[in-house]
Structures are given as C-alpha cells and as structure tokens.
Amino acid sequence: MNILDKIIVDKKREVILKKSIIPVSQLEASVFFERKTISLSQNLKASSTGIIAEHKRRSPSKSIINQSFTVEEVVKGYENAGACGISVLTDGKYFGGSLDDLLLARASVNIPLLRKEFIVDEYQILEAKAFGADLILLIAAVLTREEIKSLSKFAKSLGLEVLLEVHNQEELEKSIIPTLDMIGVNNRNLKTFEVSLDFSKQLAAQIPDDFVKVSESGISSIEAINELKPYGYKGFLIGENFMKTDNAGQAATEFIKKL
C-alpha cells in the first residue's frame, strides 16, 4: 500500500467520524454559506505571474518544513506579495494542517482560498464552504470518473470553483468534465514522490483550452515557470519553496517581483 492509499483509507475513516457528530445542517448554518466566492481561475487568467502560494507545515516526503509561523503571518505575507490565490492544507495527520487554518486564513485575507485536501465525500466540500474556501481540489488518482463528476457538480452548486489534479494521461482522459474550472498537473508522482517538470510539459497539449492550466509541485525557480509558460500554463502552485524560508511572505514577494 503506497502513501496515497494510506492517506485515503485514513481520510474515509475521518469523514465517517466527523459526520457522526457534526450534522450537515450545522455546516450549512455557517456565515460563509451566504458569502460570494472569489474566482481563482479569473485571477489567473488576468495575471502575468499566476502564483498560487501554499501554507504547508509538513508533508510525507519532507517531515517538517516549517512550524514557526502563524497562519495569519504567512497568508497576509502571500497576499501582500501579489499571489493570485492561496492553497491551505487542511489534512492533520500527514500535513499538520486543519480546517482552523482555513478559517484563520479567511479571516486574514481577501483573495481566493483553495482547501487543499484529499476529498472523497460531499461532506468535505460542505466543510470547505463553511470554513471560507473559494475552491476545492479533486485528485484524479483517488476518484472514479463518476465521483469526479458528482463531487465537482456539488461544489459548483455551492458556488465553489474546482481544481482537478492529474498526474498522467490516463487520469487526464477520465477527468475532462465541464464542471471543472482548472486542471492542475502535479509534477510529483504521489505514489513515488519523484518530481519532474516533464509531467506538465507532456500533458499540456491534451488539456482542453476551456480549462485554466496549473502546474503544481517541484517549482522552485523563475526558470521553471518561464519554461512552462509556453505550454499554456497560467497558474503555478508553490508551497515548500516559500515555507522553508524564515519569512514565507518575503520569499514570495521577492519571487513574484523577479517574475
């Protein structure tokens, strides 16, 4: 069983436990249910830099990245740096995140927030909306075509945008569904953790132009972004590169300025 399979087994269990104590009606009573979301896809289309900056304390591949900032410091730094949107990891066991991180991020900034999570159930999409997200992530590697269809449709019904993450041709082919806004290519193989920009380059031409193209993981230099732009990528998700520094906001500011 690879790490991704393990995460999904744990996640399904987690959702069952949460559902047993917090009813959907309580999530729907959140003040954020009436809030109009902000579009990341529109921001990316209008931007010349396209940076989606990530709040990430740790990951299965790099145990601790940074635990010394508050969420507020990081996300305000990203917003001031000119990021198009912010990705907030909400998985606890493997990434040290939580829904509270999302809530604190929402209280701190006014740019699009992605709930970065392993979504396997509509309940998690309701949570995303209730805690202030503007968009959700769906990972093709762990979902069937039918699940991608129903989960993305449900997200759209709540006014949330959908970023679908793929890693190879097969995942992309099963995932082209009109209820998606953005398609992201993860340059990290989630099963082996090997990273290469070639994944983004190889799949670019097969992503229809109806979707905003995003490249994720392993982007640590201006050169990498300039290499990917000719392939039609408008969004670049960067986490570790900013988080591993002493000041994530400052690192993002310098990076975006150079870009």
Side-chain angles (χ1 to χ4, degrees), residues 4 40-41 43-62 65-66 69 74-75 77-89 95 97 111-117 135 137-141 163-168 171-172 181-207 211-259:
L4 190 56
L40 177 63
S41 63
N43 274 10
L44 292 175
K45 281 181 196 165
S47 169
S48 59
T49 50
I51 300 299
I52 305 160
E54 188 158 80
H55 179 272
K56 174 160 81 170
R57 291 187 186 86
R58 57 186 168 86
S59 72
S61 60
K62 293 255 169 53
I65 298 163
N66 201 324
F69 301 135
V74 173
V75 298
Y78 285 162
E79 183 178 44
N80 294 335
C84 288
I86 296 171
S87 161
V88 180
L89 271 137
F95 291 88
I111 57 175
L113 293 179
L114 163 69
R115 179 185 188 188
K116 183 91 174 276
E117 181 55 271
L135 66 150
L137 177 76
L138 295 178
I139 301 172
L163 166 63
L164 180 100
E165 176 182 299
V166 298
H167 179 68
N168 57 36
E171 288 174 11
L172 179 62
D181 300 280
M182 292 154 278
I183 292 183
V185 178
N186 193 342
N187 298 307
R188 176 178 286 120
N189 180 331
L190 290 175
K191 295 176 178 166
T192 63
F193 285 104
E194 162 215 4
V195 176
S196 165
L197 293 183
D198 290 343
F199 294 120
S200 281
K201 292 177 185 174
Q202 285 157 4
L203 291 177
Q206 289 146 60
I207 301 173
F211 308 106
V212 175
K213 295 178 195 174
V214 177
S215 186
E216 311 169 16
S217 293
I219 299 168
S220 55
S221 67
I222 306 282
E223 293 76 56
I225 290 178
N226 289 334
E227 220 176 291
L228 291 168
K229 277 188 170 170
Y231 290 86
Y233 286 95
K234 296 292 289 172
F236 307 93
L237 189 117
I238 302 180
E240 213 168 287
N241 204 42
F242 300 148
M243 288 297 292
K244 68 184 181 192
T245 65
D246 294 333
N247 185 332
Q250 188 57 40
T253 302
E254 286 165 15
F255 192 91
I256 290 170
K257 237 182 226 152
K258 275 188 203 148
L259 199 57

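Residue numbers run from 1 in the order of the sequence given. For the numbers below, each heavy atom of this structure counts, side chains included, while hydrogens, waters and symmetry mates do not.
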Subject >> Side-chain heavy-atom pair Asn80, Thr253 within 4.5 angstrom cut-off >> reply: no

Subject >> More than 12 heavy atoms of other groups within 6.0 Å of Asn226 CG >> reply: yes

Original post:
Side chains of Met182 and Leu40: closer than 4.5 Å at any heavy-atom pair?
Top reply: yes

Original post:
So do Ile86 and Pro112 actually touch side chain to side chain, heavy atoms under 4.5 Å?
Top reply: no

Original post:
Who passes ring pair (Phe, Tyr, Trp, His ring centres under 6.0 Å) against Phe95, sequence neighbours left out?
Top reply: Phe118

Subject >> Partners passing salt bridge (charged side-chain N to carboxylate O under 4.0 Å, His left out) against Glu117 (at least two apart in sequence or in another chain) >> reply: Lys11, Arg115

**OP:** Begin with the C-alpha distance, continue with both residues' side-chain angles, and end with the deciding distance and a verdict on side-chain contact (heavy atoms from CB on, under 4.5 Å) for Val166 and Ile139.
**Re:** CA-CA 7 Å; Val166 298; Ile139 301 172; over 6 Å; no

Subject >> Side chain proximity check, Leu259 to Ile225, heavy atoms < 4.5 angstrom >> reply: yes

Original post:
With no hydrogens and no angle check, is any side-chain donor or acceptor of Asn189 less than 3.5 Å from a backbone partner on Glu194?
Top reply: no

**OP:** Taking the side chain as every heavy atom from C-beta outward, state whether Leu138 and Leu163 have any atom pair closer than 4.5 Å.
**Re:** no

**OP:** Report the residues that fulfil salt bridge (charged side-chain N to carboxylate O under 4.0 Å, His left out) with Glu54, sequence neighbours left out, ordered by chain and then residue number.
**Re:** Lys56, Lys116

Original post:
Which residues pass the side chain to side chain contact (heavy atoms under 4.5 Å, CB included) test with Thr245, sequence neighbours left out?
Top reply: Ala251

**OP:** Only counting residues at least two apart or in another chain, list the ones meeting ring pair (Phe, Tyr, Trp, His ring centres under 6.0 Å) with Tyr78.
**Re:** Phe242

Show me the side-chain donor-acceptor pairs of residues 45-53 shorter than 3.5 Å, one per line, residues at least two apart or across chains.
{"unit_1": "Ser47", "atom_1": "OG", "unit_2": "Thr49", "atom_2": "N", "d": "2.9"}
{"unit_1": "Ser47", "atom_1": "OG", "unit_2": "Thr49", "atom_2": "OG1", "d": "3.2"}
{"unit_1": "Ser47", "atom_1": "OG", "unit_2": "Gly50", "atom_2": "N", "d": "2.9"}

Subject >> Interatomic distance, Leu89 atom CG to Met243 atom CE [nearest 0.5 angstrom] >> reply: 9.5 Å

N/O donor-acceptor pairs under 3.5 Å from side chains in residues 199-206, not counting sequence neighbours:
{"unit_1": "Ser200", "atom_1": "OG", "unit_2": "Asn187", "atom_2": "OD1", "d": "2.7"}
{"unit_1": "Ser200", "atom_1": "OG", "unit_2": "Ser215", "atom_2": "OG", "d": "2.7"}
{"unit_1": "Lys201", "atom_1": "NZ", "unit_2": "Glu227", "atom_2": "OE2", "d": "2.4"}
{"unit_1": "Gln206", "atom_1": "OE1", "unit_2": "Gln169", "atom_2": "NE2", "d": "2.7"}
{"unit_1": "Gln206", "atom_1": "NE2", "unit_2": "Gln202", "atom_2": "O", "d": "3.3"}

**OP:** Name all residues meeting the salt bridge (charged side-chain N to carboxylate O under 4.0 Å, His left out) criterion together with Arg58; count only those two or more places apart in sequence or in a different chain, and write none if there are none.
**Re:** none

Original post:
Where do Val214 and Ile183 land on the side-chain contact (heavy atoms from CB on, under 4.5 Å) test, with the steps shown first?
Top reply: CA-CA 6 Å; Val214 177; Ile183 292 183; over 6 Å; no

Original post:
Between Ala141 and Leu4, what is the shortest heavy-atom contact and its length?
Top reply: CB-CD2, 3.9 Å

**OP:** Could you tell me which non-hydrogen atom of Phe69 sits nearest to which non-hydrogen atom of Asp246, and how far apart they are?
**Re:** CE2-O, 2.9 Å

**OP:** Taking all non-hydrogen atoms of both residues into account, name the closest pair between Ile256 and Ala83 and its distance.
**Re:** CD1-N, 3.8 Å

Subject >> side chain to side chain donor-acceptor pair (under 3.5 Å) against Asn186, all qualifying residues, sequence neighbours excluded >> reply: Glu165, Ser217

Original post:
Which pairs, with at least one residue in residues 231-244 and sequence neighbours excluded, count as a side chain to side chain donor-acceptor pair (under 3.5 Å)?
Top reply: Lys62-Glu240

Subject >> Value rounded to 0.5 Å, distance of CG in Leu114 from NE2 in His55 >> reply: 13.5 Å

Original post:
Can you tell me how far the OG atom of Ser41 sits from the CZ atom of Phe211, to the nearest 0.5 Å?
Top reply: 11.5 Å

Original post:
Can you name the residues that form a side chain to side chain contact (heavy atoms under 4.5 Å, CB included) with Asn247, not counting sequence neighbours?
Top reply: Gln250

**OP:** Just jot down the side chain to side chain contact (heavy atoms under 4.5 Å, CB included) partners of Glu79, sequence neighbours excluded, or say none.
**Re:** Val109, Asn110, Ile111

Subject >> Nearest non-hydrogen partners of Ser221 and Ala224, listed with the distance >> reply: OG-N, 3.1 Å

Original post:
What closest approach, in Å, do Val74 and Ala248 show between heavy atoms, and which atom pair accounts for it?
Top reply: CG1-CB, 4.3 Å

